[in-house]
Amino acid sequence: MNPSWIWLTIALPFIGFLVNGALALAKPEAKRVVAIVGPGVLLAAFAVAVGIFAGLWGNPPDQPLVFPLWAWIGAGGLEINLALQVDQLSLVMLLVVTGVGSLIHIFSVGYMVADPGFARFFAYLNLFMVFMLILILGSSLPVLFVGWEGVGLCSYLLIGFWYQEKANADAGKKAFIVNRIGDFGALVAMFILFWSLGTLEFAEIATLAPTTLAVGGATVTAATLFLFLGCAGKSAQIPLYVWLPDAMAGPTPVSALIHAATMVTAGVYLVARTSVLFAMAPLSSAVVAGVGALTAIFAATIGLRQYDIKKVLAYSTVSQLGYMFLGVGSAAYTAGVFHLVTHAFFKALLFLGSGSVIHAMHHAYHATHSHDDAQDIRNMGGLKRYLPTTFILMLLATLAIAGIPPFSGFFSKDEILASAFGRGAEHPIYYLFWALGAAAALLTAFYMMRMMAMTFWGENRTGATEREHLHEAPMVMTGPLIVLGVLSVIGGVINLPAFWPTPPHHGLERWLEPVLAPAARLMPVQIPHGATEYALIGAAILIAVVGLVAGYRTTLAKPITAAQQAPEEVGFAKVLFHKYYIDELYHSLIVRPLVGISRFVLWRFVDQGVIDGAGVNGSAGLMKSLGWLGTRLQSGQLGFYVIVFLVGAVWLLHSVIR
Amino acid sequence: MTEFVFYTLAAAAVLSALLCIVQKNPVPSALWLVSTMFALAGIYVLLNAQFIAAMQVLVYAGAVMVLFLFVIMLLNLGHASETDRKRGPVVLVAVLLAAGIAAALFAVRDTSVASLAARVGAPEVASSPLAALPGAGRVQSAEAFTNPIASIARPMFETYLVPFELTSVLLLAAAVGAVVLAKRKL
Amino acid sequence: MLLGPSLVLSAILFSIGVAGVMLRRNAIILFMCVELMLNAVNLSFVALSTAHGFTGQVMVFFVMTVAAAEAAVGLAIILAIFRHTKSVDLKTMNLLQG
Amino acid sequence: MNPIDMRTPLGIVTAMLPELIVVATSLVVLLLNAWRHRTAADSRLAGQVSLVGLVVALAALAALWSGGATAAGPPHMVALDGYRFAALGVVLVASIGGVLLALDYLEREGMLAPEYYSLLLMATAGMMYLAGAEDLIVLFLGLEVMSVPVYVMAAFNRRNVLSAEAGLKYFLIGAFASAFLLYGIALVYGATGSTALTVIGSATSAQGLPVMAGLGLMLLVIGLGFKVASVPFHMWAPDVYDGAPTPVTAFMATGVKAAGFLALVRVLMVGFPNTIDSWQPALGGLAAASMIVGNLVALTQRSIKRMLAYSSVAHAGYLLAAVWAGSRAGAAATLMYLGSYVLTTIATFGILGVLGRGGERDVTVDSVAGLARRRPWLAFALAVCMFSLLGFPGTFGFVGKWAILSAITAEHHRALAVVLVLTSLVSAGYYLPIVRSMYMKDPVSEASHAQASLPAAARIAVAIGVVLILVFGVAPQPVVTSTVETARAFVGTGLDRVADLRP
């Protein structure tokens, strides 16, 4: 198919949005039409994407193909042309987003069918896809930013989808504020680039920047740091990650689509997109890698002690995004994008699987009118008997995320860690980043297995009568899961490392080569070879296995109490400390202290106290109090208004006399 | 002699103005303002603007201020009020700010007719097509001394015809507005 | 010759008017202080017209018209609020604030 | 169209045709009042006649503009260029909005005085003279012809003490500010010997800026800064916007502000083009202060009407930043942003008027909860307005803000751009809660929003506003091209500008 048909991929979801939106307003009960239109447009868009991909497969373009749609604003110094860019990178993203997006849309048909806002839900979901595709395909920063803002808006709408609950609306608000901070960074970066280069087109930036700007200079460093602030907001990195776990308040397919597979990876995509700039700014790259590594381990420790199945996955997403940034920060842009792709597969699978579990739990509780928490893994246990398909698929995804070969996550994660280690030869600080990444890998394997064990193994804790109602999800939901399961297993094939016995080797890397070559010339990827390489691989596999085994054993070592009977969370400090020093210290010398730290210090104090309190609420509070001062001055007394007027007048008059 | 008269009138104007703003009772306050206006009318004569001086007395002191006094009487406000004059630190702030304004405006104290004429009559301006523009040149005709009313009326009805007509809209708007607000019921 | 001193006098009278606006709370007196400011500006116009011709005097004419128009409307507004509050004291007029 | 000679009566009439039509309409309405002033139908008739007059004026303006009217001789009293025509267009649109919003409101709130419309028309004429003035005397008189009726309109709701208080406050501080403006005119006249802006421009270009002219310029900035509600001359705005009847607030927030800004642009671009260093710091300071104060204080407001008042202070800051640029791009950006601001503000106040039903001050973020479910179109319109005020891509507001930002950045000054971007982000903190409340919360009670339905006239205003916001947001090219074209009025500066005009 001719790549100039690219606009169809955006137009199709937009038509879906219009149809579903109209139905939501006019005829919300027409669920059958919505169920066909919603996923249908996405499948069609995916088909177009595949067609274009197939057309370019044989002869990939050297230069990005830019298709101007129309000159949105075009005069003097303020041009914004809406143009779409097709190149190897945007095609990869396009395939992943439309492909995974289609599967999640299909899943949603089953998951949301009972919801009265079915049509509205699909309208939002389609609209989200429109903006996500604009983000991916935009040929310049402003166009990308339109998509960037748009996905934020849809995310905000979808997090608060069940707006009747206050917590959900609050979560939407939090996501909103944090993303504003990030957007500010992105905007400032855009202005710095516009000042220094006079263009915001990606293609022109890539050619102009290396000749115009000094490598490692202040301009490019500042621009990339602000750009990364934007990425950190959108992709939930320290210190702006706080919104993502709360965003799980939305429906589960939303979590899978937006908060795992697509939108949150936009930051990684943007860094890869502007790789030339980051390659020119070693300091910024190190910051990216460092923040990524810290986020990876930080979120992983918090994940150790969560009981809400979606919260575990949320912190896991934050942690995995940290990996991607560690990759792109180590100049391994291919590895970052590779992990983005495999993560989209297995994390979407995990979220949809958890959706299937919650669906079952919800039905069980609904049947008996119980008000227990359907998302608390302490209320689950032994579910593999009731949900066998979901269990097997989620287990595959867990192995993939833990990094067990030959599952997809192993290859991508290993490549990232190897690149970080390789850069250590030049900048020793990267050894530390590598160590953090490796430690995070251990924790990842541990908490994922803990979650799986508490959910699927052991005794069932749902309740005697409720148990009768647990059942596997319908085919419309398990179907997408199976496809994702296959992808999670074999996804690594797109970029197999050289040491792997069978070809194709470095498929993704060779495919992306034309896009990433300018960056690679400035800052080459350094992957260790020979003995070091094999030692690293061995260590990675060992870490994954140890983590999984430890996770399984410590979790099932003693019976788990259901959430209702579990000790109260409020007085936990004393309780936890007692258990921590007397009972569990000798069970595990490494993991348990980390649990305590993660729970008490990191989650309670850092996450909720410092970042929420001082950061998000604090800055909003400071602005509010400044504004309050303004309202106090607005006393209603005219005399005071005149005095303020005259202060200004005296200032202005005296400013011209000197 | 002229200067002596000027400074006498200036002192009277300043003194009246000060009394106007410190008087407790609104009626004397208004009368002191009238006094300032009269002093200014005298200065206008010194500045060779006899017609304006006459208008000052007729329109300002005669009509506008009478309207003020009329309203004060109508509302029965002809007595001192406790809360009218401010006290305390706000007085200091007010005086400082007023002094700040005055200090800035004093920067033009050294202006003289000669210095202005030298500047405006700069060759670049004089030789430019500006000379043809209304109000660009200085009126130095003998007419100004023999027939001051004509010398105001001519620019007013020729060059400034548009603004003059605009004042008719302004007065109409004021009349309509005042009537609307003062009507007993809408 | 009198231009400089006239401009200074104008500045002084203007500032006295400004001070009056800050120091008083009676709406009518406040308005009278504004009239004083307008008079001060008129003095500047007249003084400057000794250098530049009659434009300044024409301007004074317009200012007088404006002052008359403002007086009519302003006093009508003061009457309107007096009907509500039985007062022209600005201290009581702070229903709108914040 | 042949060049118009402004020295002949016919030339003057042709050049000022739109203004004259508006004044004539106000006289017709006044005459109509003389014997038809009792019933609601009379008031409505007056409004309809005004509307016709304004549309005819708009048509005359279009004829002049499309005819490419130019001055044959030197400009005289009012400018004859694209920028003035565009400015008149903005003012007329604001005025039409003011009439459309008032048509049902006055009837509903029992303010059956058809004089409202003749006052509004006279104020419009004043705004047109103010916005197109090429002479400081016309500027001053235009300002007064605009202000005097608006003082009355603010106090128009005679049954309401708040309206009276708003009128009094606006009047007293407005007259006070006029005195400053007038002093400025006196000093500029003294320093340059003329009140014609072109002459002033060539004088300041030739001799630089003597202290007298500098002081005069600052006093002009103070006077106009007051009218556009810039910090620190803004303190009246929240109270007056709050207390005045809502259609008047809409008219003030759009027409007065637009006319003030357009006059400011012309004064600075024509009168002081080559002494940009003397006024840039002052304008930059005012712009930054307005953006910061307006946005921060707006955050704390509960009443939407009052919040919009502070937000209008913030928008004055954005506009001042555009004027600050002192370039043709800045002038074009000012015009463009005013266009978006006027459309959005009219639509917003139109919606607010029906949400409040007489108690617009009580409409808060919480009381619009669930509007989307009861009145989906109304909620959609308000949401579009909020996004446009916020400057969200896809709305006209974004195009305007983008134009301002690119004008500022072209001057290589970063601080102001950063302040603009940062404070715009802060503004999301008060615009979006309204959207959130409408779409994500339940109505307070079963009965809420039952009354909220737009009357026909206001519906036209809101619909046109919202459609244009979206159309120009998506396809801004015509607006961008034409505003950039109008700013060519400021090609050449000072002496060469006058030379250009040589017959």
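Letters A, B, ... mirror the listed sequences (proteins, then strands); counts begin at 1. In what follows, every heavy atom counts, from backbone to side chain, and hydrogens, waters and symmetry copies are set aside.
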Worksheet item: What residue, out of B/A94, B/G100, B/A98, has the most heavy-atom pairs lying under 4.5 Å from chain A?
Response: B/G100

Discussion item. Counting only non-hydrogen atoms closer than 4.5 Å, does A/V642 touch chain B with its backbone (N, CA, C, O), its side chain (CB onward), both, or neither?
Written reply: neither

Worksheet entry | Shortest non-hydrogen contact from A/V650 toward B/L97 | CG2-O, 3.7 Å

Discussion item. Surrounding CZ of A/F191 (heavy atoms of other residues, nucleotides or ligands, distance under 6.0 Å), is the total greater than 12?
Written reply: yes

May I have a table of the donor-acceptor pairs connecting chain A and chain B at distances under 3.5 Å?
| from | atom 1 | to | atom 2 | distance (Å) |
| --- | --- | --- | --- | --- |
| A/H654 | NE2 | B/G100 | O | 2.9 |

Practice prompt. Step through the shown structure and confirm whether more than 12 heavy atoms of other residues, nucleotides or ligands are within 6.0 Å of CZ on B/F70.
Written response: no

Worksheet item: If every non-hydrogen atom of B/A103 is compared with every non-hydrogen atom of A/I657, which pair is closest and at what distance?
Response: O-CD1, 4.4 Å

